[in-house]
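Each chain gets a letter, A, B and so on, in the order its sequence line appears, and its residues count up from 1.
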Amino acid sequence: MEHILLRHRDIPNINQLDVYMQHGGFEAFKKVVTTMKPEEVVEEVFKSGLRGRGGAGFPTGLKWRFIDKNNSPRYVVANADESEPGTFKDREIMEGNPFQFFEGVMICAYAVGANAAYNYMRGEFWELAYVLDARIADMEKAGLLGENLFGTDFSLRIYNHLGAGAYICGEETALLESLEGKLGQPRLRPPFPPSFGLYGKPTIVNNVETLANVPKIIENGWEWYKSIGTDKSPGPKIFSLSGNVEKPGNYELPLGSTFRELIYEHGGGITGGRAIKAIMPAGASSAIIVANDKALDTPMDYEQVQNVGSLLGSASIIVMDETVSMDWLVQKTLHFFEHESCGKCTPCREGTYWMTHLVDDFVDGGAGVEKVELLYDVARQIEGKCLCALGEFSIQAVLTGIERFPDDWKEKTLKSEAPVTA
Amino acid sequence: MTPNVTLTIDNQTVTVPEGTLVVDAAKLIGIDIPVFCYHPKMAPVGMCRMCLVDVGRPVIDRATGQPVLDDDGNPVINFNPKLETGCTVTVSEGMVVHGKTDNVQEARNEVIEFILTSHPLDCPVCDKGGECPLQNLTMHFGPGTSRFVFDDKIHFSKNIPLGDLIYLDRERCIQCARCTRFQDEIADDPVIGFFNRGRRLEIITFSDPGFDSYWSGNTTDICPVGALTTADFRFGARPWELNSAASICNQCPVGCNITFNTRREVKSGGGFAIKRAMPRQNEAVNEIWLCDKGRFSSYTLGESDKRISQPMIRVDGDLKPVEWGAALDYIAEKLGALDGSLLSVASGRLSNEDLYNLRKFTTHLNGETALYTHLAGGDLVTRVGLSQGSNLGDLGKGDAILVVASDLEEEAPVWWLRVKQAAERGATVVVANPRSTKLDRAATHKLRYIYGQELTVLDRLPEEFTKSENTVIFYGSEGLGLAGSAKLAEGLAGWLVNTGRSGKANNGLVAVHPRANDQGAWELGYRPNADLAASMAKSAALYIAGADPLGDTGMEAPEAFMIVQDVIMTRTAEAADVVLPASTFTERDGSYTSGERRVQRFYATVPALPGTRPDFTITAQIAVRFGLEIEGRFAPRIFSALAEEVESYSGLTYVAISRTEEQWPIVGRSDMYYGGTTYENSLGLGVQLPAGDGSFEGAWKAPSGKEVSGLTAVPVTVLYDQGSVISQSKTLAPRLAQPHVIVSASDAGELGLENGSIASVQVNGREIELSVRLDESVPAGFVLVPRSMGLNLEAPAPVKVRVLEKELA
Amino acid sequence: MNTFLDKYNDEIQSILAKYPEDQKRSAVMPLLYLAQREKMYVSEKDMGEIGEVLGLDSTEVGSIVGFYTLYYDKADGRTRIQVCTDLPCALRGADAFAAGICERLGIKLGETTPDGKVTVEGVMCLAACDKAPMFQVQNGDGLSYHENQTVESAMELIEKLK
């Protein structure tokens, strides 16, 4: 199948402006600016059923509809903070097929009446940011960005902005705070960014992959887009496959493809032919799925992953083989969340710190199972009390790791080290 | 009007304006929802999660827009599966809130347990113990034991100073951000902040000096734990040992309501000592805030080692202690044999009662009174000033405030705060000053003028200003002496009257007087003396109370028989023939009239220093020797006599000014966690004087000042000067400014001055060495000389500045 | 005198141009990277000078240094080897890889080599999970990724960076 998002895999050098344009690049942008009303663009995207690819799966067109048209200036902010452990798709899009992503930003900007857009990238994408600065300069030179585009009164500038190491900035309101030059701590919601966003102005924050879908929707129409994937989860999705598999990497498949298809057909199966044990479908934030046949045959879309007790999220599929003990895994995820907790709300700040100590005591310190019971209690105590989703994410692996893999928490003779399989 | 909504909280129904937060609605009907991060004076943030409640909303039928009813005809309530934070949820019609159910109580227990995992629980040695929200709520909700291993707690070294005034204990901090938000949102000094993230969050400051703000003390009031403590109170006393007395800060004309905390201690020989000054809520004056000058130096004059505790008379050239009777008799003898006139000079540090008696007595001897001040126009404020029903807190959209010739935060900090908040509520705030001041940041319009051209701003007022509903004008003494300020006040008062803005609440002129009761003195008929030195030289006798003209101006000691009545020894007292030791305001009763014309009462806080007497008593005891019987013992009776005689005080009594009513937000109750440790006001909100007649007949006029050309020195005010009162505060001592002059960048270039240079400054025949500060916003041709810093300018004067040494950068 | 502004004026102006005129604060993060260029940490003087450029108190600038992990408030190795040891990389041998580098350098994870040049630390996910083991190098010039590494290839690079 030809790629819709990872087109650089089919078309060499599509990350060069001339090549991208030879393959129909910016036709969609030109079409919307010169022939469509902003509302028509919003409706097209709404009808396509595109859902946010950052993790929440919120209908993109609906978000765009919420933009407060009575307030200006308005902004578009691309969320390129990609920091969920196991997620590396946005980086590949921006490296391989950057113009399609930027074209999505530009169409979005036109649709919501924004004249400035920011691409908030995690600070570690430093080298990429310099490349993208050059890409933006290319577009400006080609008259695709700047004043009075295509002779209309629509003007647009795009700026790259680098973060500096904070997972929480992937949360859209924390991202906006960070972009404003403040601590990356989430805001209270409501109000939501489409009414109160960057600098308090109406703002659309969309994930990179989400935006990369947009030019193709405009180009081929919403009916075409809806024909891909499932009814409620249409379109292609990039699945970032990592962990104990033979061929980790990004795979662009229609939503609704099964775990088995991804792991065994595309990913080459488990390393060393070992048995699969567990899957985290949404990176470190996932409830851990017991990788039985039922789970493996579950279609990966926003609804059906819930049937096996987890969420699709950003589709960062981390695969664990039979040698991985869940206490070790939970220690890894907890250290991550403890390190990334912004500290704003009590349960997450204190709870992740406390849980980290408990799991360390158990895994490294030889403490007994009473620590595991307490760990479970503390996780439950965090549940439902946090200001943003990070705190809730931090307990997913704890709760499901203990509930679904009780054997891994019984005695310390079980090995709690991961195999080296690379 | 905002429409009301009705909701049910713990089965009680309450009706509140739309937009009210659930926690505030609960507070109104006496239901306490515990909070740590929420503070009713700041925007909610929902951080601590302590205020979790179960919130249900009526199910609305989409077709009809009406609530769905159950079989019994009651609305069907849909409860959120997750608990919500009561501090961030606004009320809605038909909402049902549960705060006492098991799941809510359990959630609060759990949040407390989380908070305590990193808290040292060192209540026995913590200054906050006894008035600590965390301690109180832990007693209420917390689990009896902790499941958290003590060794896992994060440890920090205790008690690091954030600056000279505030100490931080990072272990006790619960990261509620009240302090950082206060400094950012309210004080507009974001000089403390969080460092790190997650559990490692800690409060830091990188300002120089540390925690550089005039508002820092307030953070200790609203800190819900003992993380922030003040330098003057830490390790000073336990809250439960303290008595409290209501008072009024006498450091500036705002009249902030305060409560002094006292206890008996060895230091005072077993007597009462003042341990700290706390805000006392008055939403029409200072809300629940105090500036640091008031907090840390309002009560320290009484503790000064310069206190005088015995009358003295000059014998053979030296001051010798005598008994009170002897001193008073000596005065009677000398004044009785007077050949010439008596001039009584008093400052606004004296209360209304003191001033009233002094005026009574002086008039009885056919003498004259003079108000010791550098700012004129208080009589115009009597006629077109603020009047009953005024509250700067009511000004907002559609209203306007002009601040002219005043660096308001330096001269009267809480007024700066109140004007800034009015701007935030949408008021048009015009700030007119030759140089930039902190209020510029809040201003909707900034007007610059050259010193001396103050009134030109009236021609440049923006349209929103001239069309405003209510208008308040503040004027101060930036660059002005008596002549200049008199002219300015007249022009401003005229504008207000001519545009129909006098005689009604929330409109009028406010003088940013140098002292607390200056306006009171003007209301009682005191006027300044245009040439005080000359008048003093001409008088046969001088009765100087609460003023130090010799120390301030360096004038020669006059020939006259001089009585000086003061709390501490001053240069003027040293030159006196009789020195009478007065009790300080914390040792007696009295009242002040604020710049907003609010008459407020202060109460005796500690027993008077033995040997001292209240000013009003001393004057009455002198008067009686001249056959004038005036009340000298009971302040309330003096006030009654004053009210009978002075028209604008007609009908006022101590009872009236001691009345209170419920204020919003509700603070100061035992819950502590809601508003902080500010005191509830139970002893008087004060009463504003009625509107004046708007006429200017007989207004005090100063002979016009001399025209000055060339490089001109102008007086300005800084808050932390070296005045006689503030310099008695040991706490503030390290923060007091060193004597300096401020010059413009262009003059500095011409004069070869740099920031930090030492310069010789020659003005009015005096020459003094001062350090130089550059300020790019100062207009060329002017040298700013801060008052009470060694070189007190009474009015603009020609100046010569010569560089002595340049500091190497 | 603002030495930071004097030194990097052109770069500062082009950074400021990206944000609305009344929202200069947004430039604080790029300016902090600039301040780190020479010595790989931000001094209190830098905080004050950046604050002056942006109209912020130095505390507001310092807070940003404290919150974000790619800024440092004290001198350490001028070159930082940041090995991703997060879950997906760890499943592919990142912990052993990091330990291997540390062993060869004779330091523990999180420490700096005795010559003060190189600091090796374990960091959270860097969005390169399919190319583990991997690390990034942070120095004054910025950051660069090095993927599909072995201890040998990593040591070769580290020697060069020294």
Student: Answer yes or no: are there more than 12 heavy-atom neighbours, outside A:K232 itself, under 6.0 Å from its atom NZ?
Tutor: no
Student: State whether B:K82 and A:E383 are salt-bridged, where the test is any N-O pair (Lys NZ or Arg NE/NH1/NH2 against Asp/Glu carboxylate O) under 4.0 Å.
Tutor: no
Student: When rounded to the nearest 0.5 angstrom, what is the spacing between CZ in A:R349 and CD in B:Q175?
Tutor: 4.5 Å
Student: Salt bridge or not between B:R147 and A:E373? Use side-chain N to carboxylate O under 4.0 Å.
Tutor: no
Student: Look at the side chain of B:R197 and the backbone N and O of A:H339, then say whether any donor-acceptor pair between them is shorter than 3.5 Å.
Tutor: yes
Student: So among B:I112, B:I115, B:T117, B:I174, which one has a side chain to side chain contact (heavy atoms under 4.5 Å, CB included) with A:T346?
Tutor: B:I115
Student: Go through the atoms of A:K182 and report whether side chain, backbone, both or neither lie under 4.5 Å from a heavy atom of chain B.
Tutor: neither
Student: Please lay out, stage by stage, how A:K385 and B:L83 fare under the test side chain to side chain contact (heavy atoms under 4.5 Å, CB included).
Tutor: CA-CA 7 Å; A:K385 293 196 186 71; B:L83 299 177; 5.7 Å; no
Student: Taking all atoms of both residues into account, what is the closest heavy-atom pair of B:R49 and A:C345, and its distance?
Tutor: CD-CB, 4.0 Å
Student: Please classify the contact between B:L201 and chain A as side chain, backbone, both or neither, with a heavy-atom cut-off of under 4.5 Å.
Tutor: side chain
Student: Let me know if A:L358 has heavy atoms under 4.5 Å from chain B in its side chain, its backbone, both or neither.
Tutor: neither
Student: Could you measure the distance from the CD atom of B:E113 to the CD atom of A:E350? Nearest 0.5 Å is fine.
Tutor: 11.0 Å
Student: Go through the atoms of A:L374 and report whether side chain, backbone, both or neither lie under 4.5 Å from a heavy atom of chain B.
Tutor: side chain
Student: Between SG of B:C37 and CG of A:L387, what distance do you get to the nearest 0.5 Å?
Tutor: 9.0 Å
Student: Go through the atoms of A:C386 and report whether side chain, backbone, both or neither lie under 4.5 Å from a heavy atom of chain B.
Tutor: backbone
Student: Could you check whether the rings of A:Y353 and B:F148 sit parallel, tilted or perpendicular, using 30° and 60° as the cut-offs?
Tutor: parallel
Student: To the nearest 0.5 angstrom, please state how far the CD atom of B:E110 sits from the CG atom of A:D377.
Tutor: 9.0 Å
